[in-house]
4 protein chains.
Amino acid sequence: MTQDQTTELKRVDARRNEQTLLDAAAELFVTSGVNVPVRDIAARAGVGTGTVYRHFPTRAELVIAVYRHQVEACVQAGPDLLASQPSPLAALERWLLLFADFLMTKHGLATVLQSSDPGFAPLHQYFLDRLLPVCASLLQAAEAAGEVQPELEPYELMRGIGNLCIGAETDPNYRPHRLIEVLVMGLRRPV
Amino acid sequence: MTQDQTTELKRVDARRNEQTLLDAAAELFVTSGVNVPVRDIAARAGVGTGTVYRHFPTRAELVIAVYRHQVEACVQAGPDLLASQPSPLAALERWLLLFADFLMTKHGLATVLQSSDPGFAPLHQYFLDRLLPVCASLLQAAEAAGEVQPELEPYELMRGIGNLCIGAETDPNYRPHRLIEVLVMGLRRPV
Amino acid sequence: MTQDQTTELKRVDARRNEQTLLDAAAELFVTSGVNVPVRDIAARAGVGTGTVYRHFPTRAELVIAVYRHQVEACVQAGPDLLASQPSPLAALERWLLLFADFLMTKHGLATVLQSSDPGFAPLHQYFLDRLLPVCASLLQAAEAAGEVQPELEPYELMRGIGNLCIGAETDPNYRPHRLIEVLVMGLRRPV
Amino acid sequence: MTQDQTTELKRVDARRNEQTLLDAAAELFVTSGVNVPVRDIAARAGVGTGTVYRHFPTRAELVIAVYRHQVEACVQAGPDLLASQPSPLAALERWLLLFADFLMTKHGLATVLQSSDPGFAPLHQYFLDRLLPVCASLLQAAEAAGEVQPELEPYELMRGIGNLCIGAETDPNYRPHRLIEVLVMGLRRPV
DNA sequence: AATGAATGAGCCTTCATTCAT
DNA sequence: TATGAATGAAGGCTCATTCAT
């Protein structure tokens, strides 16, 4: 029992530290991009550099961890929107806008999603593994409903949305939402 | 006279050097991105690093110089397409695809266009100064012809096209052309 | 009683832990040298790093402990060989080869014996304290028997043998045994 | 001509700097071993770390450069001794002692020669390429003259001599010369 | 004007050692 | 006692930029 307690306490501490790191990284990713020096992350979190490496041996792991919650929220939103929106196409549009909001509030996330640095491959994979099926099923539903023509592969659509979000945070004259709406309009089957 | 001759010769040499540098940089920008080490550019051009700095004190200046010809060709293409295409909207689409082709054949150029590195500000400015008017006039013509609804600002449209081109060189499953076509479709006024 | 039992149990545990550590260290010393990271030793033993430090505050102590048994076996072998071999010189040669075998099967041990890192001083001392008298007595016996000339100090002889063993594990083209035999041959008094 | 002069001057400067680096490295290799931090070498030479890497991209190259002169002197000494000594065996012994002197005055050189760090492979290769043929020809000559029995391969002999020199600089009670003499004695064919 | 050597800040990463739990 | 998380010094390496020649 005491042993369990001790273990539990340790875990709690470690968890807290990990959370501190995630918060620090999230902040710095926004202000300085996901390639911010490890030292900066450690400093912001008030820990040593070694602690960063202990919790997240690679940068990709840290990035994944930072965004995991929101990626999962996006995954959940897919079926929810399909059920609650008036049509599959409306659900798709809402989901794409949601996905875009997620990316846009994370400065540099859209950027890293298109980085060709092989170190980020696991991150790309994670995003695709989780989100592509959701996007595909929404697109499929809209096609099945006769609302859209099969112009784009789900992968291209997601990639395009991701790209459209790049740089939005720092440029008030650039509104990805508008572009996404136009894009979805372009998918619509002419009546 | 001899003095003049010498000076003249030097100028010729300097010119040759500058062109050699531009060629070297163009090649390396394609293969290694616009952030390729200065040393590599100098080495490829067969000159010293100092020579690079003499001709192009900042990286932005070098990038601008490298792409100047093609940017100007894009500028020229605007009126030409407007004159030769069956409709303003068709001219706009062609021009956007042309712009995209330009970006896509320059690895990393689309990326740098969205970089928030302040050092690239002059580069951004140059692109906007030259290309935005062209894009705006094409969009305006299409609107005036009643072909499109005024959904997007010219700046947003160009920015979006630029973004869509990111990462296309290394990903055969991603075809910006398709996305651009869908986007233009979405601009069309419903009949 | 219960208290005693607990204490007793703890001691048993501690002993077991210590032995586990020695085994783990012995294995890793062979494969990775005596400077293998403490963490690796702890991991192999299935304990925390702190436990390593508790049992062996310095690396030298750990190394000494790991090799104690075999050093003592070498010590024992001296008189045994003197008694069982046909001559003191034969006994000396056998003992030196035995010593060499010991060193050679411990990757990096010969190396550490010549390390000038002051942290290893206790280790050096231990080896000398235990083994030098044995070597000296064997050499002395051979001299007394008129088999060898007093060319070398026992210390030099041992040091030389130790050095000859360095690197033998990884180089099949280098056979310290041959060199030791030649060296012993060179000690022999000409008839 | 002016161009040539300029080039020549640059070379002179670079050479001086390179020599400064070699001197600094030589000193530090003696006091701290050949694995002394690059930063320390740079500091001792009064240059930046980048300068070290410019001149010697890898540590092995630096080590080779530091010892090149003396290795070559050793190479030269082989034939000279064969010609000047009364017998091939005497020449061999002198040469081995010379080789040992070389190693012993370079603290840590003998150590690095037995290092299994793959980064030092070029260094090992260089030593073997240059010195092994010399040692082999001396040994061969002694065998041909009937002075020694073919007990050892040239490689083993050199390796053994190298090992015997380890740690001699810091231990006044250890005299590799004595051991080498005994070893050569052991090679001699019994009359 | 050109050269390219030199500089040194800056980043990543490892690991011995300490210490809170 | 045992644990293993945290620390942070250390060292390798790169590259933008300066400057003597």
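Below, read A as the first sequence line, B as the second, and so on, with proteins coming before strands; counting in each chain starts at 1.
- The side-chain heavy atoms of Val66(C) and Val34(C), taken from C-beta on, include no pair separated by under 4.5 Å.
- One can place CG of Leu62(B) at 12 Å from P of dT17(F), the figure rounded to the nearest angstrom.
- In this structure, the side chains of Phe120(A) and Asn35(A) come closer than 4.5 Å at one or more pairs of heavy atoms.
- Taking atom CZ of residue Phe56(B) and atom P of nucleotide dA2(E), one finds them 11 Å apart after rounding to whole Å.
- As a whole-Å value, the separation of Arg16(C) CZ from dT1(F) C1' is 15 Å.
- In this structure, the nucleotide among dT18(F), dT17(E), dA6(F) sitting nearest to the side chain of Tyr53(C) is dT17(E).
- Distances shown here put a side-chain N or O of Asn17(C) below 4.0 Å from the OP1 or OP2 atom of dA2(F).
- Contact annotation: Thr51(C) reaches the phosphate of dT3(F) (side-chain N/O to OP1 or OP2, under 4.0 Å).
- Nearest-nucleotide positions on DNA chain E for Arg59(A) and Gly50(B) put Gly50(B) closer to the 5' end.
- Between His55(C) and dA2(F) there is a side-chain polar atom (N or O) within less than 4.0 angstrom of OP1 or OP2.
- Between Leu62(C) and His55(C), every side-chain heavy-atom pair lies at or beyond the 4.5 Å cut-off.
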Determine all donor-acceptor pairs shorter than 3.5 Å in which one atom belongs to a side chain in residues 19-32 of chain B; sequence neighbours excluded.
| residue | atom | partner | partner atom | Å |
| --- | --- | --- | --- | --- |
| Gln19(B) | NE2 | Asp23(B) | OD1 | 3.0 |
| Thr20(B) | OG1 | Arg16(B) | O | 2.7 |
| Glu27(B) | OE1 | Arg44(B) | NH1 | 2.2 |
| Thr31(B) | OG1 | Glu27(B) | O | 3.3 |
| Thr31(B) | OG1 | Leu28(B) | O | 3.4 |

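- Distance Leu21(B) CG to dA2(E) C1': 11 Å, rounded to the nearest Å.
- Rounded to whole Å, atom C1' of dA9(E) lies 14 Å from atom CG of Asp40(A).
- Note on Arg39(A): a base of the nucleic acid sits closer than 4.0 angstrom, heavy atoms only.
- Separating the CZ atom of Arg15(D) from the P atom of dA20(F) is a distance of 23 Å, rounded to the nearest angstrom.
- In this entry the distance linking CZ of Phe120(B) with P of dA16(F) reads 11 Å, nearest Å.
- Of all nucleotides present, only dT3(E) satisfies the Watson-Crick or G-U wobble test against dA20(F), with each distance under 3.5 Å.
- Between Tyr53(C) and Val38(C), the closest side-chain pair of non-hydrogen atoms falls below 4.5 Å.
- Distance CZ (Arg54(B)) to C1' (dC19(F)): 12 Å, rounded to an integer number of Å.
- When distances are taken from the side chain of Thr49(D) to each of dC12(E), dT17(E), dA9(E), the shortest belongs to dA9(E).
- Backbone-only contact: Gly46(D) has heavy atoms under 4.0 Å from sugar-phosphate atoms and none from a base.
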